Each structure stands twice: as C-alpha cells, then as structure tokens.
Amino acid sequence: MSALSISTVVGVVGAGTMGAGIAQVAAAAGHPVLLFDAWEGAAVNGRERIGKGLAKLVERGKMSQADVEQLMGRILVCDDLSELADAGLVVEAVVEDLQVKRDLFARLEKITEDDAILATNTSSISVTLIASPLARPERFAGMHFFNPAPVMKLVEVVSGLATADDVAQTLYATAGAWGKVPVHASSTPGFIVNRVARPFYAEALRLFEERVATPATIDALITQCGGFRMGPFALMDMIGHDVNYSVTKSVFDAYYQDPRFRPSITQLELVNAGWLGRKSGRGFFDYSEGAGRPSAATLAVLENAGCFEQSPISAAPVKLDGVLFSLTDGRPARERAEAEGMPTVLYDLMLDSGKAPRIGFTASDEVPDKIIDCFVATLQNNGKAVTRLKDWPGLVVMRTVAMLANEAFEAVMHGVSDEAGIDAAMKFGVNYPLGPVEWARQIGLDHVLGVLDVLYKATGDARYRASYMLRTLCGVTQR
Ligand code: NAD
C-alpha cells in the first residue's frame, strides 16, 4: 500500500503540544495542512509556536529560511471545522476525553469525503471504542506520535477491531514517507510503548522499596551499565509522577489488575505530597536552586590491591583463585555459591561489558575480602566505577531487562505487534539502546527465562511469571 500523495490535504484538529508538532511533520513532508482548534486563538498560537521552533533550526544552521517559509506557507489555520472538507487525512490531537473525541469524529465524518482517513493520536483510549459509533469505523485508526512529534521517530499505527487493513497500511506508509518509524499495533491498553515500558519504572520502584539501592545508584546502573539514556528515577521526575502514576494505574486497571502492571505506593505518596518531579521542584531528586544530586554508591578507588591478570568478566563464568565470577542468572550469590560448591561473585548485566563505565556486583559471604578487593581493583584499573549491591535476586539491570523482555514477548503473543515492531517501538519511542526482544536473544532466552523463574520463585509474586511465549521458545513449558 502506498503513502498518501503529498497533494493530499492533511487536517490536524487540536493545536496543542501534539497537534502543532504533527502539523509541522505533515507540512515538512510537503502536504498542505489545515490546523483547527476549538479554543479561540489556539490554532494561531500553535502555528506561531511551530514558526518559533523552526526559527531556532535556522539559527543553528539546520534549516534554511526559504525552507521554513515554504513549510509555514503550507500550514493554514481554520476558523471552523467545516473548512476541513477537502482533507484526505485528519489527525486528531484534542484533549484525552472519549466523549469529546467521539463528538469530534461524528462531525468530521459528515464534513469529509467518504474515503478520507480519520486518525486519533490518543495515548490511552481504545481506538475501537472511539470508532464504534462511526458510520465508517473501517476508515478510522490510531496514529500515535510521541512527544515532541517533530523529533521522536516512532508512530504507532493502531488498528481497532473495525479498521480496514488498507487504511492501516496507508497510514504506515504515510508515516514512513514523513520520515518516521511506523509500527503496527492493535488497539490494546497502552498499545506497545506505554505497555512494554511499564517494568522500566516498576522494577526500579520495587528495587528502591526493597532497599536494594538508592534512586541515584539505580539510575547510575541503568544508564552506565544498561546503556539507557536516562535512569528511571530521573525519567519519572521528568515525566511527572502524577502523569506516570496515572498511566500506570490506567494500564493496570485496563488489564483487570494484572499484577504485572501493579502501581507503586511510593509513587502514589510522591503524588500525595505534591512532589511531582521537575515541574514541582521536587520528586525523587531535589530540583531547587543549589540542591546537589545525590551520588551513586561507588566503591573508593583501591590503590594497593592486587589485580587479576585474567579478566573476571567474560561471556562464560570464570574461576579465579577458587572463586566463581559470573553474570547473574537471577539467583542470589549465596544460592549460586551453594549450587556451584564455590564462593561466588555475580555481576549485573551490561549492554557492552567492555565499554560500560560502571559495573554492579554482589558476592556470597565466603568470598575472601582480598579477592573482592582484587576484583574491584581490576575493574577500576579498566576505568570502571564499581557498585557493590545487596545479595538480591536478578540484581538491577538484569532484572529490569528480563522484565521488559517478558512484557515484549507477552505483547507479541497477544498479537499487539510483532517482535520487530516492538523492538522498533522501544528504540524509537523511548530511546532504548536495544529492543527488548533482540536484547533477550543476545543474553540468551534460556538465561532470561531462568532469571524470571528465580524472581517468581523468590517473591511468589505473579508479576514475575514468565510469558508462555518465552517459555515455548525455550522449550520449557513448565516451571
Ligand atoms: P494539549 O492540551 O496540549 O492540546 C489539546 C488541544 O486541543 C488544546 O489546544 C485544546 O484547545 C484543543 N481542543 C480541546 N477540545 C477540542 C475540540 N473538541 N476540538 C478542537 N480542539 C480541541 O494536549 P496534547 O498534549 O497535545 O494531547 C493531545 C492528544 O495527544 C491527547 O489525546 C493525548 O493523550 C495525546 N498524546 C499526548 C502526548 C504528550 O506527551 N503530550 C503524547 C502522545 C499522545
């Protein structure tokens, strides 16, 4: 299916944060764009905001003044919805309210031609539900952009039950022609990103609640070992705890309170306190003027400790001086030591163990201090900051990545998207360094399943149950 031709008029309804961004994207691709907002002056303001953003690109030499003028010339502000009659595609980005959206689409369906495509940018409302009263629900789909729309590459093309395949395919091709990375998703709560990303926040919150590490330490491990661009605590502070908590709660409720999506009381308390993050000046971290950032727990540099000649970090477990050194398989070091019959040092998952500037580890009680010092000094000599963690199942990065992968497999199993779609969504919607499925395959699916089974056994919490799809792929259909 081919993309809509650039002569197709694109209507954008709602000229707020998302609508203005979407209008800019469509105009940049060459479409004539009609921008409408119900609030008087809002569409004019939205258009002005686009102009100001583009002026900055000209200042930075990223766009020519002539191109900006052409782009802006393609965005026309409408005073009345009826002016969208010629639009071949209308993307809605109004307030997140089912009835407001339904009323709007009922009107749009009458105003536009029968073959026009109507699309919603909703983040959380069922596309099927918005479409159900329409006369032509097959011409309706979700086109879910990420904020800021001109920058973020991902567009989730969301099909409701009635959405025609050719409509979804046309939107997919059109988003691609607009320079985006489109992925197909079915209309399920949270679509792909807002569902699969839940464990990124949830595991961090649980690790904090279980007193495994502080927010600063968890953030440092997730970014410096895991290669994520932002740590979960800094990210939640940026998103705002009110917003993040309410998305978590709405996904939890939408999945009939599946424990996998259970929200955190710690986060609720932040909301209760009004500690919403950056916007209120305080969240997990303090953003008031002069307030410092707490630092991550990092071992002091050992000057005089001996070093191993051979690296204790390797694809396979290594035995040095009677101690086993291994990537965590989920079991705490004391359990692993018992099973291996040898004192054990376990380290956390790293995206790239050669380049990671930090490493997290734990050790069973019998590992002599001298050996731990040697291990730490070897890593420090390799330029790594070293964090010693409590002896806890799954450590920090491995637990987080295993849970992200588990959710990804569950979403694939439920037909929300395919593996490639989910990986692309997480890389281009929330900047993950690797898609959760490709990451799990890199670690080894059996290994990831093992971590999940340990977490499930250790906690008895159904949130850690492994996806049946992962189990099937591993050929281990019973726990
Ligand atoms: P916003 O508040 O910035 O803008 C909404 C605009 O819609 C306002 O200008 C308002 O005047 C206008 N509006 C309200 N009712 C209208 C109506 N009946 N007809 C025409 N205009 C109307 O909101 P936003 O952040 O741009 O979000 C818009 C939509 O995009 C929501 O559905 C939201 O869930 C979704 N979304 C938001 C983000 C985000 O990060 N902000 C990301 C993805 C999707």
Side-chain angles (χ1 to χ4, degrees), residues 1-14 17-31 33 87-93 115-128 130-131 138-197 408 411-412 414-432 434-438:
M1 195 57 61
S2 49
L4 293 170
S5 79
I6 57 166
S7 60
T8 304
V9 176
V10 175
V12 177
V13 183
T17 309
M18 295 308 292
I22 296 165
Q24 179 182 327
V25 171
H31 292 270
V33 175
L89 165 66
V90 181
V91 185
E92 162 276 315
D115 62 353
I117 298 179
L118 303 182
T120 174
N121 186 48
T122 183
S123 305
S124 63
I125 306 176
S126 158
V127 168
T128 306
I130 301 174
E138 67 280 3
R139 306 293 302 163
F140 184 84
M143 207 175 181
H144 187 213
F145 289 81
F146 287 72
N147 188 16
V151 177
M152 296 306 291
K153 287 273 182 202
L154 181 67
V155 176
E156 292 177 334
V157 175
V158 186
S159 292
L161 274 188
T163 305
D165 272 355
D166 67 310
V167 166
Q169 297 298 349
T170 302
L171 290 179
Y172 184 95
T174 303
W178 292 2
K180 297 295 174 190
V181 174
V183 295
H184 286 293
S186 65
S187 174
T188 45
F191 310 137
I192 301 173
V193 169
N194 280 336
R195 169 190 181 158
V196 176
V412 173
H414 291 161
V416 176
S417 192
D418 56 17
E419 292 185 11
I422 289 181
D423 278 349
M426 305 317 287
K427 284 192 283 191
F428 295 102
V430 271
N431 294 320
Y432 285 7
L434 275 181
V437 175
E438 55 183 332

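Just so it is clear, the model here is predicted, and its values are computed rather than measured.
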Quick check: do [X] and [Y] have side-chain heavy atoms less than 4.5 Å from each other?
X: L171; Y: L89; result: yes
X: P436; Y: D423; result: yes
X: V10; Y: W178; result: yes
X: M1; Y: V167; result: no
X: D166; Y: R139; result: yes

Legend entry - Geometric class of the F191/H144 ring pair [parallel <30°, tilted 30-60°, perpendicular >60°]: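 Rings of H144 and F191: perpendicular, as their planes differ by over 60°.
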Inset, instruction - Give me the ring orientation class for H184 and Y172: parallel if the planes are under 30° apart, tilted from 30 to 60°, perpendicular past 60°. - result: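 Rings of H184 and Y172: parallel, under 30°.
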[atom1] of [X] to [atom2] of [Y]: how many Å apart, nearest 0.5 Å?
X: M143; Y: I117; atom1: CE; atom2: CD1; answer: 8.5 Å
X: S2; Y: Q169; atom1: OG; atom2: CD; answer: 11.0 Å
X: M18; Y: S123; atom1: CE; atom2: OG; answer: 7.0 Å
X: T188; Y: H414; atom1: OG1; atom2: NE2; answer: 9.5 Å

Inset, instruction - I would like to know whether E92 and L118 meet side-chain contact (heavy atoms from CB on, under 4.5 Å); could you show each step before the answer? - result: CA-CA 8 Å; E92 162 276 315; L118 303 182; over 6 Å; no
Inset, instruction - Looking only at non-hydrogen atoms, find the nearest pair between I22 and A93 and report the distance. - result: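 Heavy-atom minimum between the residues: CD1-CB, 4.4 Å.
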Inset, instruction - Could you pull out the closest heavy-atom pair between T163 and A141, with the gap in Å? - result: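 Nearest pair, atom of T163 first, then A141: CG2-CB, 3.8 Å.
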Using modelled atom types only, decide if a donor and an acceptor are shared between the side chain of [X] and the backbone of [Y] within a distance under 3.5 Å.
X: T128; Y: S126; result: no
X: S187; Y: S159; result: no
X: T174; Y: L4; result: yes

Legend entry - side-chain contact (heavy atoms from CB on, under 4.5 Å), paired with E156, selected from N194, N121, V416, V183: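 Single pass found, and it is V183.
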Legend entry - Residue from K153, M152, M426 passing side-chain contact (heavy atoms from CB on, under 4.5 Å) with N431: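 So, applying the side-chain contact (heavy atoms from CB on, under 4.5 Å) to N431 and each of K153, M152, M426, only M152 qualifies.
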Legend entry - K427 atom NZ, neighbour heavy-atom count above 12 within 6.0 Å: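 Above 12, so yes.
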